[in-house]
Amino acid sequence: MTANAGSDEVMEVDVLVIGGGTAGPMAAVKAKEANPDLRVVVLEKANVKRSGCISMGMDGLNNAVIPGHATPEQYVKEITVANDGIVNQKTVMAYAERSYDMIQQLDKWGVKFEKDETGDFNVKKVHHMGTYVLPMPEGHNIKKILYRQLRRKRVEVINRYMATRLFNGPDGRIAGAMLLNPRTAETAVIKAKTVILCTGAAGRLGLPSSGYLFGTYENPTNAGDGYSMAYHAGAELSGLECYQINPLIKDYNGPACAYVTGPMGGYTANAQGDRFIECDYWSGQMMMEFYKELEGGKGPVFLKLDHLAEETVEEIEEILHTNERPSRGRFHENRNTNYREKMVEMHISEIGFCSGHSASGIWTDENARTTVPGLYAAGDVGSVPHNYMLGAFVYGAIAGEDAAAYCADHELPEIDKAEIDKERARILAPLNREHGVPAHQVEYKLRRLVNDYLQPPKVTRKMEIGQDRFAEIRRDLELISAEDPHELMRANEVSFILDCAEMAAAASLYRTESRWGLYHYRVDYPETDNGDWFAHVQTKKGEDSKPVNFKRPIDPYIVELGDAEKDAYQKLRVNNANA
Amino acid sequence: MNLSFDDGADLDDIRERLSSPDAGIRRVAVMDLIDAVDDPDAVELAVKGISDSDAGVRAEAARVLDEFEGEDVIAALLSALTDADETVRLAAAESLAETKDRSAGPAILVWLETDDAFVKASCLRALRELRVPESQAVALEHLGHAEPTVRREAIGVLAYLKDDNVLMALMNAARKDPDPTVRKVGVGSLVFSKTDRAADALVEALGDENWQVREEAAFIIGKVALGSAVSPLIEAMNDEYWQVRVKAAGSLGRLKDPAAVDVLGQALSYNISNLRKEAAAALGEIASPNALPFLQVACEDVDPDVRKIARWAIDQISKNP
Amino acid sequence: MPSTKITNTVPVTVNAEACIADKGCSVCVDVCPLDVLLIDQAKGTAYMGYDECWYCLPCEKDCPTNAITVHIPYLLR
Ligand SMILES: Cc1cc2nc3c(=O)[nH]c(=O)nc-3n(C[C@H](O)[C@H](O)[C@H](O)COP(=O)(O)OP(=O)(O)OC[C@H]3O[C@@H](n4cnc5c(N)ncnc54)[C@H](O)[C@@H]3O)c2cc1C
Ligand code: SF4
Ligand code: SF4
């Protein structure tokens with residue numbers, strides 16, 4: 001198959017939202033609500049009806065900040081501690097302050113949260129901490145509701161086109177994006193005054209231990225596209241050494257569901273059936289404890305439900321097997337695992353970037369603005385730590401509104417034609433190659449190398465070897481051939497993954513200390529060093545097209561931590577150093 | 001290539017397919033209406049689908065109708081509740097329950113006059129969200145219906161209205177309904193009784209023969225802060241189900257009565273760690289120095305959650321003047 | 001480079017009797033986030049074209065005729 005070499009269809013819009021999963025539809029709807037005259041487009045690699053992390057619903061909100069239960073200040077403190085102090089508190093506060101409004105907005109639209117018999121939200125308290133869980137066992141319809149809003153607000157949707165690169169205008173501000181159709185290999189250009197990146201996590205960075213390329217924790221459509229695109233557009237990224245690693249059901253790679261089974265009495269246990277996690281926060285420290293137990297004499301780790309009553313187990317099954325990751329029941333059936341009789345073996349996920357669960361993302365301020373004028377980021381690809389689903393919605397809204405305002409006083413920038421031609425040639429090249437290496441082989445090798453050399457515990461020399469091997473893969477990119485447009489999509493994703501791997505290695509090597517428990521545990525720098533490293537580590541594309549790193553000071557806290565709270569994370573650090 | 005709204009619906013095309021003799025083609029056409037919710041002419045087509053000769057088409061119409069609003073939509077869904085095909089009936093009930101339009105109330109109320117239990121339950125479920133006062137009398141009537149599903153939904157309507165005047169009826173359901181799921185829902189509905197008017201029913205439910213009813217009662221008593229129920233809760237700490245004891249412990253914590261210290265302290269040696277954890281937390285809430293000896297032991301518990309909560313509880317006691 | 005073909009089992013099966021792709025249905029193809037389902041125009045049914053499945057189930061859930069069954073991919077089973 002040969003590709004179109006000629007001119008691209010060009011569309012001109014005010015707000016281009018890339019990614020129509022969770023944050024994306026919200027951003028588009030809010031931009032349109034802010035100014036209905038704007039031309040707002042959602043661009044989606046898959047189909048907005050079922051794309052992204054929440055395609056089958058979600059088990060619940062685990063970071064709901066609801067008046068009467070928790071205050072924004074409490075929440076900001078908690079996230080500050082969970083992230084070992086490395087936070088821009090203003091961004092966390094902006095989330096916390098809009099959290100409840102967003103829940104009410106979603107409720108009004110018809111998203112089903114758990115309610116008590118009188119119709120009030122059934123908030124579950126997690127003891128003595130400020131976190132509150134709002135389950136949504138019947139939340140399967142969430143995507144349908146977002147779709148309805150997109151239609152009603154007359155947002156334009158373009159499905160089955162992936163963005164491959166962003167363009168900058170002559171003055172550096174954002175100017176648009178290059179598009180590739182993964183079914184026809186057609187290309188197109190969208191010129192935009194503002195671009196909102198909502199492309200989700202970098203889910204295909206590490207290789208799951210099953211070896212199945214698509215058996216990832218994250219939705220594998222999210223290959224790291226947004227991280228790579230922001231990088232090439234000159235934006236600053238942050239915390240890329242603070243990987244995402246999650247506990248999950250071994251091999252199935254679905255979450256272990258602390259938020260469903262926890263409130264019903266289930267928990268994570270070691271082989272003896274005992275709880276072992278000391279850490280109160282969902283954090284790298286918790287993952288460190290998990291990892292140690294997994295590898296230790298009392299391992300591996302299990303999800304324990306076999307002490308629950310039959311009726312409770314039935315209820316858990318009903319939720320877990322119909323919501324969020326519903327194929328789980330089938331997985332257990334194949335292996336004859338019955339929650340009533342056996343504990344369920346758990347494991348840790350492959351590494352990835354994700355601010356939804358961890359803190360790695362494109363640097364944004366409390367208005368969702370990146371360091372490139374006109375470019376926004378929201379959701380897992382942004383940099384607001386531990387933001388989860390509700391954070392994606394809130395930051396989507398913030399980005400949409402701010403972008404709408406930005407459009408009012410900016411003209412559409414020009415895009416250099418040569419840039420477009422160069423990009424088209426780059427993305428289509430694999431189609432025109434014969435007898436090359438198929439994308440899946442390169443991807444397998446690349447991600448296997450990520451596991452071998454980047455996965456914590458991190459070792460300096462190993463990461464350096466990893467960098468050398470990634471450089472070889474970069475040469476291999478020139479050898480990839482694609483037999484059809486679908487394979488062409490995969491080939492382009494490999495280049496996203498490679499950018500992410502190189503950025504992960506660079507940022508991890510730069511921060512010469514250990515922090516965030518397992519996420520950044522450097523065996524040869526086991527101590528946390530607040531003297532030198534109480535700062536964000538930023539990544540940017542350098543002059544030589546390689547990542548450069550630098551420190552960004554932490555903004556003064558707007559919510560001071562009390563001594564006891566500081567102790568809490570002091571204690572975490574002690575544990576960490578003993579790891 | 002078409003770079004705008006690449007799956008936007010073409011209503012003329014859908015209309016044409018809807019008149020095809022082939023039921024499969026009509027069915028797909030109805031499904032495509034989901035892309036046309038912003039088109040005012042789409043409603044009519046969806047409504048028409050409900051009276052198609054093919055059950056598959058009718059089911060899709062019932063599903064897609066939850067995207068639309070208006071009298072005709074509600075009427076179509078209501079009529080589909082008596083469809084010959086079960087899938088259609090279920091889909092219609094689900095879509096009906098999604099409606100947020102309060103003006104649909106009267107039309108739905110009319111259908112409660114039928115004899116069919118499924119229709120009644122579905123209508124009550126839809127009325128619940130609408131919270132229209134006129135549904136109260138009808139819901140009260142249905143508390144005596146023969147079918148538990150109908151009674152369950154009737155309680156829902158009443159509880160969503162949160163009217164103190166129906167408290168007696170709800171208490172009755174909590175106590176006397178022959179079906180345990182209905183009793184449980186009845187107990188749960190009493191959560192809006194901020195006074196102790198529901199006390200008798202809640203305390204009685206602590207002795208229900210079904211453990212899930214007892215569990216719910218133990219939980220709700222804490223939520224409504226029923227101070228007069230401390231002794232029954234203490235008794236519930238001997239329930240044969242640890243799940244009931246967990247909820248009783250939690251509620252004793254909320255009620256903060258030092259009389260519960262002993263029974264909670266003893267619970268720190270039960271073999272279920274969930275219960276030990278809840279008991280330790282309750283002792284922290286009560287914050288009585290009498291709990292210290294128990295909590296000091298709990299600081300050495302095998303379960304780290306119990307240890308953590310015990311440390312926190314001791315801290316609470318030391319802060320308590 | 002010289003190359004070879006290897007065969008993989010795929011996790012999704014389609015009941016050809018039930019599938020109404022020939023009537024214009026393409027729901028499963030539309031909703032799959034990984035774009036691995038295709039329609040065989042000659043047979044008028046859907047099928048899985050690539051072994052790249054997240055076993056997430058929208059295809060199965062949204063199929064109007066329950067024609068689709070998603071199994072757990074062999075490597076994870
Ligand atoms: C299995 C799982 C369970 C979870 N459980 C919970 C939970 O219980 N509670 C909770 O609060 N949070 C939970 N989360 C986290 C939460 O789902 C995410 O934080 C949130 O949904 C992220 O939203 P997003 O918009 O950033 O990404 P997504 O919703 O994944 O959307 C990203 C979108 O971008 C599209 N895209 C990617 N690349 C491109 C490209 N190049 N061009 C065009 N489009 C592109 C993708 O197709 C996708 O639709 C869970 C996540 C996972 C994976
Ligand atoms: S959704 Fe079902 S009926 Fe439609 S094409 Fe797919 S398998 Fe066939
Ligand atoms: S299970 Fe998910 S990834 Fe697999 S074919 Fe179905 S929709 Fe696609």
Side-chain angles (χ1 to χ4, degrees), chain A residues 21 44-53 55-56 140 143-144 159-160 162 182-183 203 208-222 249-254 322 324-328 330-335 434-438 440-441 479 481 484-487 489-490, chain C residues 1-15 19-21 24-42 45-77:
Chain A
E44 171 55 57
K45 194 196 249 182
N47 184 308
V48 290
K49 279 181 190 155
R50 284 294 197 184
S51 60
C53 289
S55 69
M56 294 298 281
H140 338 277
K143 285 294 291 191
K144 196 170 154 187
N159 287 317
R160 300 290 171 196
M162 72 190 283
R183 292 182 172 174
S209 49
S210 65
Y212 191 61
L213 287 175
F214 294 80
T216 50
Y217 177 89
E218 289 291 340
N219 183 328
T221 319
N222 303 336
I249 303 297
K250 174 103 172 39
D251 295 344
Y252 176 69
N253 252 26
T322 58
E324 196 173 290
R325 294 290 277 136
S327 55
R328 176 195 295 247
R330 281 167 217 188
F331 172 78
H332 292 318
E333 219 170 273
N334 284 333
R335 295 195 175 182
E434 279 175 32
H435 310 301
V437 187
H440 69 85
Q441 257 187 330
L479 305 176
S481 66
D484 61 25
H486 182 87
E487 286 188 18
M489 162 170 69
R490 297 286 176 243
Chain C
M1 273 184 238
S3 63
T4 178
K5 290 258 181 241
I6 47 168
T7 306
N8 278 0
T9 58
V10 292
V12 168
T13 50
V14 178
N15 174 349
C19 176
I20 54 167
C25 183
S26 62
V27 167
C28 56
V29 178
D30 292 343
V31 297
C32 174
L34 291 156
D35 209 14
V36 293
L37 300 174
L38 303 167
I39 305 268
D40 181 328
Q41 295 297 353
T45 60
Y47 71 101
M48 186 169 227
Y50 305 87
D51 179 26
E52 302 168 339
C53 180
W54 195 41
Y55 38 103
C56 49
L57 306 200
C59 57
E60 183 178 305
K61 179 82 193 12
D62 294 349
C63 170
T65 63
N66 297 323
I68 289 204
T69 313
V70 177
H71 305 273
I72 301 292
Y74 175 74
L75 287 185
L76 320 181
R77 227 173 273 167

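Protein chains get the first letters and strands the later ones, always in sequence-line order, with residue 1 at the start of each.
- In this structure, chain C has no heavy atom under 4.5 Å from any part of A:Ser481.
- Among A:Asn219, A:Leu213, A:Thr216, A:Leu479, the residue making the largest number of heavy-atom pairs under 4.5 Å with chain C is A:Asn219.
- For the options C:Leu57, C:Asp62, C:Val36, heavy-atom pairs under 4.5 Å to chain A are most numerous at C:Leu57.
- Of the N and O atoms on the side chains of C:Asp35 and C:Tyr50, not one donor lies less than 3.5 Å from an acceptor on the other residue.
- Not one N or O on the side chain of A:Tyr252 forms a donor-acceptor pair closer than 3.5 Å with the backbone of A:His332.
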Take C:Asn8 and C:Tyr74 through the test side chain to side chain contact (heavy atoms under 4.5 Å, CB included) and record every step on the way to the result. CA-CA 9 Å; C:Asn8 278 0; C:Tyr74 175 74; over 6 Å; no

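- Contact count versus chain C (heavy atoms, under 4.5 Å) is highest, among A:Met56, A:Arg325, A:Arg330, A:Arg335, for A:Arg325.
- Using modelled atom types, one finds a donor on one side chain and an acceptor on the other under 3.5 Å when comparing C:Glu52 with A:His486.
- If you measure heavy-atom distances from C:Val27 to chain A, you find no contacts under 4.5 Å at all.
- Of the atoms belonging to A:Gln441, not a single heavy atom falls under 4.5 Å from chain C.
- Side-chain atoms of A:Lys143 come within 3.5 Å of backbone N or O of A:Gly21 as a donor-acceptor pair.
- Contacts between A:Thr221 and chain C at a heavy-atom distance below 4.5 Å involve backbone atoms as well as side-chain atoms.
- For a residue to count as touching a neighbouring chain, one of its non-hydrogen atoms must lie under 4.5 Å from one of that chain's; by this rule A:Arg328 does not touch chain C.
- With a 4.5 angstrom heavy-atom cutoff, C:Pro58 touches chain A via backbone and side-chain atoms both.
- No other option in A:Pro326, A:Gly52, A:Gly254, A:Ser55 has as many heavy-atom pairs under 4.5 Å with chain C as A:Pro326.
- Shown here is A:Lys250, whose NZ atom has more than 12 heavy atoms of other residues, nucleotides or ligands within 6.0 Å.
- In this structure, the side chain of A:Asn253 engages the main chain of A:Gly215 through a donor-acceptor pair within 3.5 Å.
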